[in-house]
Amino acid sequence: MSSPALSGAVAHHPWWESGVIYQVYPRSFQDSDGDGIGDLAGVLARLDYIAALGVDAIWLSPVFPSPMADFGYDVADYCGIDPMFGDLAAFDSLLAAAHARGLKLILDFVPNHSSDQHPWFLASRSSRDDPKRDWYIWRDPAPGGGPPNNWISDFGGSAWEWDARTGQYYLHAFLKEQPDLNWRNPALRDAMMDVLRFWMDRGVDGFRIDVLWHIVKAEGLPDNPPNPHWTPAQTERDKLIQRYSTDQPEAHAIAADMRALADGYGERVLIGEIFLPNDRHARWYGAPDRPQVHLPFNFQLIENDWNAATLNRIIADYEASLPPFGWPNWVIGSHDAPRISARIGEAQARVAAMLLLTLRGTPTLYQGDEIGIGPVDIPPDRIRDPQHWRQPTLDIGRDRSRTPMPWDASANAGFTTGKPWLPLNADWPVRNVDAQLADSDSMLALYRALTALRRVTRALAIGGFAMAVGDSDVLAYERWHDDDRLLIALNLCAEPRQLLLPVGVRIAEVLASTLPSHPMDGTLHGDEGLVLRLERDD
Ligand code: GLC
Ligand code: MG
C-alpha cells in the first residue's frame with residue numbers, strides 16, 4: 001500500500017497537511033496594557049504580521065487562568081482566559097479576526113496535569129472521601145515510608161509530594177504545583193472531553209496536546225528501571241527509563257477517543273507533544289479505522305546534531321517509520337528548546353528555514369525564529385524558568401527562547417510600554433521586525449519568500465519526497481507533483497560544495513536561495529541552500 005502523497009494520486013489535503021503552523025508564546029508576543037506581559041489584544045494587534053508571514057495556523061501556548069508556576073502549563077480553569085491575557089470576549093475577537101484573515105487558531109490543551117489551585121485539586125486534597133479524590137493520583141507511602149515509588153519529576157526530584165493533611169502522596173510528573181490528573185477515572189475523562197467540546201463549540205480549529213504520552217500510568221505504578229547510559233550532563237529525569245510512567249496502551253485509547261470527538265466537528269487538528277523513538281512515536285497515528293492524533297510532533301531537527309550525515313539519517317528513518325496514512329511534520333524551535341540561530345548560527349539557521357519549509361510534512365515555526373533571534377543572555381536575577389531553578393547546574397535556560405518579540409526600534413522594541421517580563425535580545429535595536437521588513441536580505445524576507453513559494457508550489461506543500469545524492473556536507477532531496485520536479489540542495493558547511501544533479505535533468509529555474517544573491521555558477525556556495533526546478537535534459 002502506498003500513500004496518496006507518494007503515488008501522486010489526487011487526494012484531499014486538509015489545511016493542516018498543506019499549511020504552515022506558527023507558534024505564538026502569548027506572554028512574549030505583544031503587550032497591550034503595559035504590564036510587561038503579552039496578551040490576547042496584543043496578538044490581535046499583530047495578526048496582520050502573522051498573516052503576511054504566509055503561515056496558515058496559529059498555535060497559542062496556554063492562555064487559561066493559571067498561577068503561572070509553569071507559565072500557563074499549570075491550568076486552574078480549562079474553560080477560561082487568565083485576566084493577564086484578557087477574557088473570553090477578547091478570545092472570541094481574536095478567533096474571529098484570525099478566521100477573517102484565513103488563519104486557523106489552535107489552542108494548547110494540557111491534559112496530564114492541572115494547577116494545584118484548580119478547584120478540582122482543591123477538592124481532591126480536601127479529604128480522602130471527597131468525590132474528586134480519585135481525579136488525581138494519590139497513594140500511601142511505601143511500606144518502609146517515603147514516596148510510593150522511584151519516579152522522578154521531569155523537572156528534577158521525586159515525582160511525589162507529601163500531603164500532611166490527608167496523609168498520602170500525590171503524583172506530579174512536573175512541578176508539585178502541577179498534580180497529575182487520573183485519566184483512569186471516567187468522570188475526570190468526561191470532564192476533560194467537555195473541555196475540548198467547549199473550545200470546539202467556540203470555533204477553535206484544533207489542539208496541541210501537552211505531553212500526551214504521559215497521561216496514563218501503568219497499573220500498580222511499578223518502579224521505573226534505571227537508565228544504564230545516564231551521565232551527569234543529563235537531567236535527573238533521565239536517570240530512569242520512563243517505562244511505566246509514560247506511553248501506556250490506555251493513553252493511545254484516550255487519544256483515539258479525542259480524535260473521534262474532534263472528527264465529529266469537521267476538519268479540526270490534533271497535534272500531540274510526544275517524545276519517543278520512531279517506532280513508538282508512529283503508533284500515535286493510530287490505525288486507519290481508529291486514528292489517534294493527526295500530527296505527533298516530530299522534534300528530531302531540534303534533538304540531533306546539525307550535519308548532512310545525521311540529517312540524512314533522521315529524515316530517511318522518520319519517513320520510513322510513518323504508517324502509510326500518517327502525515328509527517330517537522331518542528332525547528334519551541335518555547336522549550338534552544339533557539340535554532342543560537343544553536344547553529346545565523347547562516348545555517350537560514351538553511352534550516354529552507355529545510356523546514358521544503359521537507360514533506362507540516363512545518364511548525366516558533367515566533368522569533370523568523371527574525372533569527374540568537375543567543376540571549378539572561379542575568380541570573382531575571383531567570384524565571386522553574387525548570388532551571390530546580391536543576392540550576394544543567395543550564396536548561398528555557399527563558400532564552402521565551403524573550404519578547406522585538407517589533408521596532410522604539411522603547412522596549414515596541415513590545416510593551418512597561419518593563420518586559422524577560423529581557424529582550426541584546427541586538428533588538430537592529431534585529432527587529434521593522435528593520436527586517438525593510439531589508440530584502442533579512443531572515444524575515446527569506447521566511448516570507450519560502451512560505452510564498454510553498455503556497456504556490458504543490459510539489460512542496462503536498463508532493464512526493466525522496467532523498468537524493470549530495471556532495472559531502474550536502475543534504476539533497478527531491479520533491480515532485482504531477483510534472484513539476486524540484487531538487488533541494490542544502491550546503492551544511494561554510495565552504496562551497498558541488499551541486500550534483502540527478503541523471504538526465506538540467507536546471508530549469510532557481511526558485512530560492514538562502515543567500516541574497518545566487519550567481520548559479522554550478523557550485524553550492526558556503527552555507528547556501530537552493531530550491532531548483534528541474535527539467536529533462538533532451
Ligand atoms: C510541555 C510544555 C512545557 C511544560 C511541560 C509541562 O513540555 O511544552 O513548557 O513545562 O509540558 O506542562
Ligand atoms: Mg499585558
Side-chain angles (χ1 to χ4, degrees), residues 23-46 59-64 66-76 78 81-87 90 94 106-116 118 153-156 159 171-181 207-215 235 237 242 245-246 271-276 296-297 299 302-303 331 333-338 364 366 384-391 396-402 404-405 412 414-422:
Q23 182 190 355
V24 167
Y25 191 69
R27 292 183 67 88
S28 297
F29 199 61
Q30 174 67 59
D31 181 23
S32 73
D33 60 1
D35 67 352
I37 299 170
D39 41 52
L40 293 179
V43 180
L44 178 66
R46 295 294 184 185
W59 149 33
L60 269 190
S61 278
V63 288
F64 316 109
S66 166
M68 303 287 162
D70 192 22
F71 297 111
Y73 287 95
D74 47 326
V75 179
Y78 286 100
I81 299 292
D82 195 284
M84 179 184 285
F85 294 122
D87 54 20
L94 176 63
I106 300 167
L107 285 182
D108 211 313
F109 180 52
V110 189
N112 180 67
H113 44 267
S114 74
S115 162
D116 65 346
H118 195 296
S153 154
D154 274 31
F155 289 167
L171 181 69
H172 58 93
F174 296 88
L175 299 174
K176 68 175 172 29
E177 292 84 1
Q178 295 169 296
D180 278 36
L181 289 158
F207 301 92
R208 173 269 190 186
I209 309 175
D210 192 67
V211 297
L212 176 59
W213 86 115
H214 270 265
I215 65 175
T235 62
R237 170 203 54 206
Q242 296 187 322
S245 50
T246 64
I271 305 170
E273 187 201 17
I274 296 157
F275 288 90
L276 286 171
F297 254 154
F299 299 107
I302 289 176
E303 295 173 313
V331 184
S334 82
H335 64 296
D336 295 329
T364 298
Y366 177 53
R384 304 288 297 275
D385 178 12
Q387 189 181 6
H388 169 90
W389 287 122
R390 285 178 64 99
Q391 303 174 84
I396 285 167
R398 297 189 298 176
D399 292 322
R400 289 192 286 251
S401 307
R402 299 176 177 183
M405 274 295 279
N412 296 317
F415 167 69
T416 181
T417 55
K419 183 182 179 194
W421 75 284
L422 279 175

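Just so you know, ligand 1 is whichever comes first in the structure, and atom 1 is the first atom listed for that ligand. As the structure is a prediction and not an experimental result, all values here were calculated from the model.
For the pair R398 and D70, the salt-bridge criterion is met [side-chain N within less than 4.0 Å of a carboxylate O]. Ion pairing between D385 and R390 fails under the 4.0 Å rule for side-chain N and carboxylate O.
Considering only non-hydrogen protein atoms, atom 7 (O) of ligand 1 sits nearest to E273 OE2, 2.8 Å. Protein heavy atom in closest approach to atom 9 (O) of ligand 1: D336 OD1, 2.7 Å. Given atom 2 (C) of ligand 1, the protein heavy atom at minimum distance is D210 OD1, 3.1 Å. With respect to atom 4 (C) of ligand 1, the closest heavy atom belonging to the protein is D70 OD2, 3.2 Å.
At a 4.0 Å heavy-atom cut-off, ligand 1 touches R402 through the side chain alone. At a heavy-atom distance under 4.0 Å, only side-chain atoms of F155, from C-beta outward, approach ligand 1. Of all the heavy atoms of Q387, none lies under 4.0 Å from any atom of ligand 1, so neither backbone nor side chain is involved. In Q23, neither the side chain nor the backbone holds a heavy atom less than 4.0 Å from any atom of ligand 1.
Distance check, rounded to the nearest 0.5 Å: CE of M84 to CD1 of I37 gives 4.0 Å. A distance of 5.5 Å separates CZ of R27 from CZ of F85, quoted to the nearest 0.5 Å. For the atom pair CD of E273 and CH2 of W213, the computed distance is 5.5 Å after rounding to the nearest 0.5 Å. Atom CG of D154 is separated from atom CZ of R237 by 4.5 Å, given to the nearest 0.5 angstrom.
Taking the Mg ion (ligand 2) as reference, the nearest N/O/S atom within D31 carries the name OD1. Of all N, O or S atoms in D33, the one lying closest to the Mg ion (ligand 2) is OD1. The Mg ion (ligand 2) is closest to atom OD1 of D35 (considering only N, O or S atoms). The Mg ion (ligand 2) is closest to atom OD2 of D39 (considering only N, O or S atoms).
Less than 4.0 angstrom separates some heavy atom of V211 from each of these atoms of ligand 1: 1 (C), 7 (O), 11 (O). Shown in contact with H113 at under 4.0 Å from a heavy atom are these atoms of ligand 1, numbered in order with element: 6 (C), 12 (O). Counting the atoms of ligand 1 from 1 in the order shown, those under 4.0 Å from a heavy atom of H335 are 2 (C), 3 (C), 8 (O), 9 (O). Residue R398 approaches ligand 1 through these ligand atoms, each under 4.0 Å from one of its heavy atoms: 3 (C), 4 (C), 9 (O), 10 (O).
Between the side chain of Q178 and the backbone N or O of Y73, at least one donor-acceptor pair lies under 3.5 Å. Judged by distance alone, with hydrogens and angles left aside, the side-chain atoms of D31 form a donor-acceptor pair with the main-chain N or O of D33 at under 3.5 Å.
Aromatic rings of F71 and H335 (six-membered ring for Trp) have centroids beyond the 6.0 Å cut-off, not under it.
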CA sep, side-chain torsions, deciding dist, call: F297, T364, side-chain contact (heavy atoms from CB on, under 4.5 Å)
CA-CA 9 Å; F297 254 154; T364 298; 3.3 Å; yes
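Shown here for F415 and Q30, the closest heavy-atom pair between the two residues is O-NE2, 3.0 Å.
Look at A41 and the Mg ion (ligand 2): no N/O/S atom of the residue is under 2.8 Å from the metal.
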